[in-house]
Amino acid sequence: MAATGNADANVGHGELIEAVDRALTTHGRAVLVGPAGAGKTEVARAVAAAAEGRRETVLRLAPEAADRWIPEASAAALLATVPRAVLERLAGPQRTAIALLRRETDAPGAGRDHVALRLALVEVLRTLAASGPVLLVLDNAQWLDAETTDLLRFALRLTPPRVRVLAAECVHAGTPVAEPLCGPGTPAVRVPPLGADEVAELLLRHDLPARLAGRIHQASGGNPRLALALGHSLAEAAGTRDGGAHHADTLPVSGQARDVARRLLAEAPARARRTLLLAALTARPTTALLRRAGRPDAEAELAEAERAGLITVGEDGAVAFTAGAVATALAADSGWPERSSGHAALADAVDDPVQAVRHRALAVDLPDARLAAEITAAADSCRRRGQRALAAELGLLAAERTPAALPREELARLVGAAEDAGWAGRADLARRATRAVLARDASPAQRVRARLAVIDAAGQALADLDETFANAVADAAGDPSLRAAVQLRIAWKLNLSDGDPVRSRDAAAEAGALAKAGGDQVAEAMALTVRARMGRILGDRDAEDILAEALALPAPEVPLGMRNAPQYLAVRHALFDDRLGDAHGQLLALLPAVQRTGSAEDVFEVLRSLTEVELRRGRCAAAAAHARRAVELTIEAGLSPGPAWYVAATAEAAGGSFARAAGYARRGIRASEEEQDQVFLSRGLYALGTVELATGEAAKAAATLCRVAELEEAQQVVDPSILRWHGELAEALVAADDPARAAELLDGVAPVARSLGRTPVLAALDRARGLCLSARGDAEPAVALLEETARRFEGLGLPLEHGRTLLALARVERRRRRRAPARAALLAAAEVFERAGAKPWLGLAREAAPEAAAPHPGVAALTEAEARLALLVGAGASNQEAAAKLFLSVKTVEARLTRIYQKLDVRSRAQLATALRGH
């Protein structure tokens with residue numbers, strides 16, 4: 001497979017590249033180790049590029065497997081990269097030795113002077129080092145021929161310290177080459193596998209669907225080459241490179257992906273392959289299980305496979321493949337008799353009745369009514385345990401083992417499998433089951449149920465399911481309950497994908513009427529819930545009454561998913577209203593219930609809300625824990641990643657790192673755009689804009705938050721409590737030196753918030769208004785308003801908002817050159833942030849404290865936007881460069897510079913730099 005490119009070296013490997021640089025600086029030698037495809041070549045290239053950027057001489061050697069058996073082939077390739085001028089300075093015997101090696105003057109019977117060749121390589125390296133540092137990069141060191149290895153070992157012992165060596169080598173069961181070559185004590189830097197988040201980032205960079213990052217991570221074991229091969233195979237299987245790719249039935253370990261997996265598998269000793277095959281065929285392999293299945297030497301064989309990097313064996317004997325695709329390729333490359341024999345052995349060895357039934361079913365390929373009934377019972381057991389994905393797999397297997405003489409049982413099993421897959425968010429299984437249903441003589445109700453399962457499994461990615469919706473509508477004609485179920489999904493799609501809450505509300509009203517006519521109170525409650533949700537968005541004053549009506553209807557514990565139930569919407573409304581204690585208590589009660597159902601989307605929604613509640617309460621550590629679980633669940637279950645990355649961004653922005661928050665937000669934006677999810681696209685942009693505002697990138701923040709405003713307007717969102725972007729955008733506009741526009745925005749939204757009784761929103765708007773007053777020169781009213789707002793946030797129990805308001809107050813006091821009040825506000829803010837665990841905000845407060853203690857008299861007169869421009873220009877940026885950096889026009893930069901010169905009483909850039917030097 002072709003190299004993935006230098007850009008990929010930084011996906012999860014930024015710290016690794018720094019570690020290699022440190023090892024080279026300290027020791028002059030470094031060995032980079034890892035399995036094939038782990039990214040060693042990309043890391044080595046990044047290190048070499050950095051060296052070339054420092055104008056060092058870089059020599060590269062990357063032998064291939066065939067070169068290992070050709071004496072001195074790699075030495076010839078290395079010397080071919082040396083400039084001719086350097087070779088011409090060598091003594092005669094040395095030049096001759098190199099010429100013979102390079103076959104320029106080779107003649108029959110001519111012998112090579114190996115001593116002269118060794119001395120020639122030493123002299124070449126010394127000559128290059130005389131002109132500056134030299135970096136020798138040896139990639140694929142395991143393929144060096146023995147003669148070249150001896151030659152390099154000799155030469156490197158005699159080279160000066162300015163010659164540094166980076167050797168990259170695959171981890172395998174053979175004898176290592178790189179470390180003996182570089183000498184004892186050489187630091188070995190292992191290339192770790194990518195995490196699931198990093199695999200998602202890699203897929204996004206290659207325009208591959210991020211939704212399957214979790215499954216690709218599991219299948220690749222974090223191996224970048226294998227991950228990309230799987231991603232490309234998946235895209236090709238779906239016939240597209242865009243969002244439709246995630247609808248492929250399976251992760252296809254074919255083409256490039258199978259080749260990479262086979263190369264990894266080739267490291268396994270032949271005698272261990274049978275044991276590895278048994279491990280690949282079972283869900284939870286252990287050494288004890290494999291011994292019971294007929295492999296008495298399992299420990300020894302697995303130890304060899306572990307040394308080859310194919311598996312890990314835990315202290316309890318649990319066996320796990322480092323890359324799931326290796327297990328898939330191993331099973332696929334085995335013949336049916338071998339797989340059948342393996343499943344039969346495992347059926348007698350496993351202690352889980354469900355798994356025993358599964359193995360018995362997979363050991364045969366003929367219909368068997370009794371076996372099909374046993375598999376169906378096992379699927380029912382999984383459903384009760386909340387293992388919906390496994391239930392779906394077993395349901396499909398039961399249908400396959402059902403005799404043709406029992407078509408009704410087969411159809412019922414297929415429909416049940418589709419619904420289990422929809423519940424679990426497994427689009428691949430849902431589509432597979434639904435295709436089988438549609439290929440049979442299914443009733444309209446069965447066709448509708450199967451199609452709805454496909455819709456439910458799609459998560460946020462509803463935009464490309466128009467045909468499925470249309471067919472469901474046609475199949476449901478004449479049955480009010482079926483039509484109600486379809487209309488409910490249409491209502492969800494109209495909000496999520498189309499961003500049209502008005503049409504969504506109307507579709508929900510139609511669904512409610514149909515459900516009532518059909519006597520389906522569950523669907524009626526769901527329809528009322530959608531109407532209440534859309535009503536809140538649109539600012540309808542009867543939204544709470546509609547929600548109360550939904551709550552009054554009897555409904556099962558988790559009808560159509562807790563995320564769509566009125567009980568859950570009541571929690572969301574409590575969060576919007578900052579009734580945080582109520583919301584927190586209700587969410588903790590819901591969490592065990594949704595965990596029992598096996599709906600990954602429901603569990604995610606509860607974790608998402610818990611994160612948001614804890615952030616509002618100022619409990620950043622608890623919020624971060626919920627966010628981590630939400631991301632892990634999303635990746636593991638293959639849910640749409642946009643919402644999870646938004647949640648992670650908000651948790652990081654409050655209690656982790658602004659840089660990581662921005663990374664999560666950008667990833668979430670890309671994923672939401674990929675799936676045409678308008679709701680979470682707005683949220684991802686909002687998260688990014690707030691980080692940009694906090695980190696002083698006012699122009700960027702204003703541009704990002706303006707996109708949020710446009711999206712929210714297009715979605716007709718009226719209630720400002722749902723996504724609180726108005727105050728953030730106003731603050732960004734003030735910081736970007738546009739207080740007039742900020743005031744206009746505040747004047748427009750404040751009456752709406754007041755009429756709806758959104759008290760915390762009004763407080764956030766007042767914080768922005770205080771900054772706006774300060775920017776206009778009304779310092780006294782600004783300070784009074786900010787002090788009052790800080791007290792209001794404290795009374796509302798919103799610590800982060802309280803601390804942010806104190807930061808704003810300090811900023812205004814600093815502009816007035818009132819050092820003591822500014823410092824007092826900063827110390828108070830730091831105390832609030834420290835109690836909340838808001839690390840990045842605490843850092844901002846502490847960084848600002850010295851400035852408040854001793855502000856530069858000139859800079860204190862500048863607005864924040866002017867100060868940023870002054871610092872850029874004072875550091876040497878041209879007007880054009882400053883304009884590009886700050887997202888301004890050159891004309892705006894020139895006008896702003898004129899004001900800066902007047903305020904600081906300077907007349908040139910040199911004087912400006914001098915005036916700023918003490919700041």
Side-chain angles (χ1 to χ4, degrees), residues 11-12 14-15 192-204 210-218 221-222 320 386 425 459-460 562-563 571 575 580 583-584 587-588 590-592 594-595 598-672 680 683-684 686-688 690-691 800 833 836-843:
V11 177
E15 293 182 4
L194 298 181
D197 273 358
E198 292 157 349
V199 168
E201 176 71 16
L202 187 66
L203 296 175
L204 284 174
R211 180 174 185 180
L212 283 177
R215 293 176 63 201
I216 289 177
H217 175 257
Q218 186 277 331
Q460 313 298 110
M562 180 58 74
R563 63 198 177 279
V571 176
L575 171 59
L580 303 177
H584 186 256
L587 286 167
L588 289 181
L590 286 177
L591 186 58
V594 296
Q595 287 171 331
S599 169
E601 280 197 274
D602 281 350
V603 177
F604 167 79
E605 276 296 327
V606 173
L607 291 173
R608 168 199 165 200
S609 290
L610 277 169
T611 302
E612 293 172 342
V613 167
E614 296 291 30
L615 288 176
R616 297 292 286 172
R617 296 171 79 197
R619 294 164 50 92
C620 294
H626 294 311
R628 279 194 299 273
R629 288 177 62 194
V631 172
E632 289 166 3
L633 173 68
T634 293
I635 296 298
E636 179 184 336
L639 303 180
S640 302
W645 285 331
Y646 159 71
V647 171
T650 59
E652 283 289 343
S657 153
F658 285 136
R660 289 196 298 271
Y664 275 122
R666 291 190 183 97
R667 223 177 286 167
I669 291 165
R670 285 281 302 276
S672 295
F680 278 93
R683 279 151 181 73
Y686 168 75
L688 179 60
T690 55
V691 170
L800 297 189
F833 291 139
K839 296 175 185 176
W841 292 96
L842 177 60

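The structure presented is a predicted model; accordingly, all values stated were derived computationally and were not measured. These numbers come from the heavy atoms of this one structure, side chains and all, not from hydrogens, waters or symmetry mates.
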### Query
Counting only N and O atoms by type, is there a donor-acceptor contact under 3.5 Å from the side chain of Thr650 to the main-chain atoms of Val647?
yes
### Task
Considering non-hydrogen atoms only, spot the tightest contact between Ser672 and Gly642 and give its length.
OG-CA, 3.8 Å
### Message
Tell me if a side-chain donor or acceptor on Trp645 pairs with a main-chain N or O of Ala671 at a distance below 3.5 Å.
### Response
no
### Query
Is there a side chain to side chain contact (heavy atoms under 4.5 Å, CB included) between Leu587 and Val613 once you walk through the steps?
CA-CA 9 Å; Leu587 286 167; Val613 167; 3.9 Å; yes
### Message
I need the Ser640 OG to Glu601 CD distance, nearest 0.5 Å.
### Response
7.0 Å
### Message
Nearest 0.5 Å, please: how far is CZ in Phe658 from OG1 in Thr690?
### Response
8.5 Å
### Summary
Rounding to 0.5 Å, atoms CG (Leu633) and CG (Leu639) come to a distance of 5.5 Å
### Task
Identify whether NZ of Lys or CZ of Arg in Arg667 sits under 6.0 Å from the centre of the six-membered ring of Tyr664 and within 45° of that ring's axis.
yes
### Task
Apply the test side chain to side chain contact (heavy atoms under 4.5 Å, CB included) to residues Leu588 and Val606: give CA-CA distance (whole Å), side-chain angles for both, the deciding distance (0.1 Å), then the verdict.
CA-CA 8 Å; Leu588 289 181; Val606 173; over 6 Å; no
## Note on the structure
Taking every heavy atom of Thr634 against every heavy atom of Pro641, the minimum-distance pair comes out as CG2-CA, 3.8 Å
## Note on the structure
Nearest heavy-atom approach of Met562 to Asp602 is N-OD2, 2.7 Å
### Task
For the pair Glu605 and Arg608, find out whether any cationic side-chain nitrogen is under 4.0 Å from an anionic carboxylate oxygen.
yes
### Query
Glu614 side chain to Arg619 main-chain N or O, any donor-acceptor pair under 3.5 Å?
no
### Task
Please report the closest heavy-atom contact between Ala627 and Ala651, naming both atoms and the distance.
CB-CB, 3.7 Å
### Query
Do NZ/NE/NH1/NH2 and the carboxylate oxygens of Arg616 and Glu612 come within less than 4.0 Å?
no
### Task
State the CG-CZ distance between Leu607 and Arg629, to the nearest 0.5 angstrom.
5.0 Å
#### Entry: Spatial distance of atom CG (Leu203) from atom CD1 (Ile216) [nearest 0.5 Å]
4.5 Å
### Heavy-atom pair of closest approach, residues Ala654 and Trp841
O-CD1, 3.8 Å
### Message
I need the Cys620 SG to Phe833 CZ distance, nearest 0.5 Å.
### Response
9.5 Å
## Note on the structure
Nearest heavy-atom contact between Ala662 and Val691 is CB-CG1, 4.1 Å
### Query
Does the side chain of Glu198 come under 3.5 Å of the side chain of His217 through a donor N or O and an acceptor N or O?
no
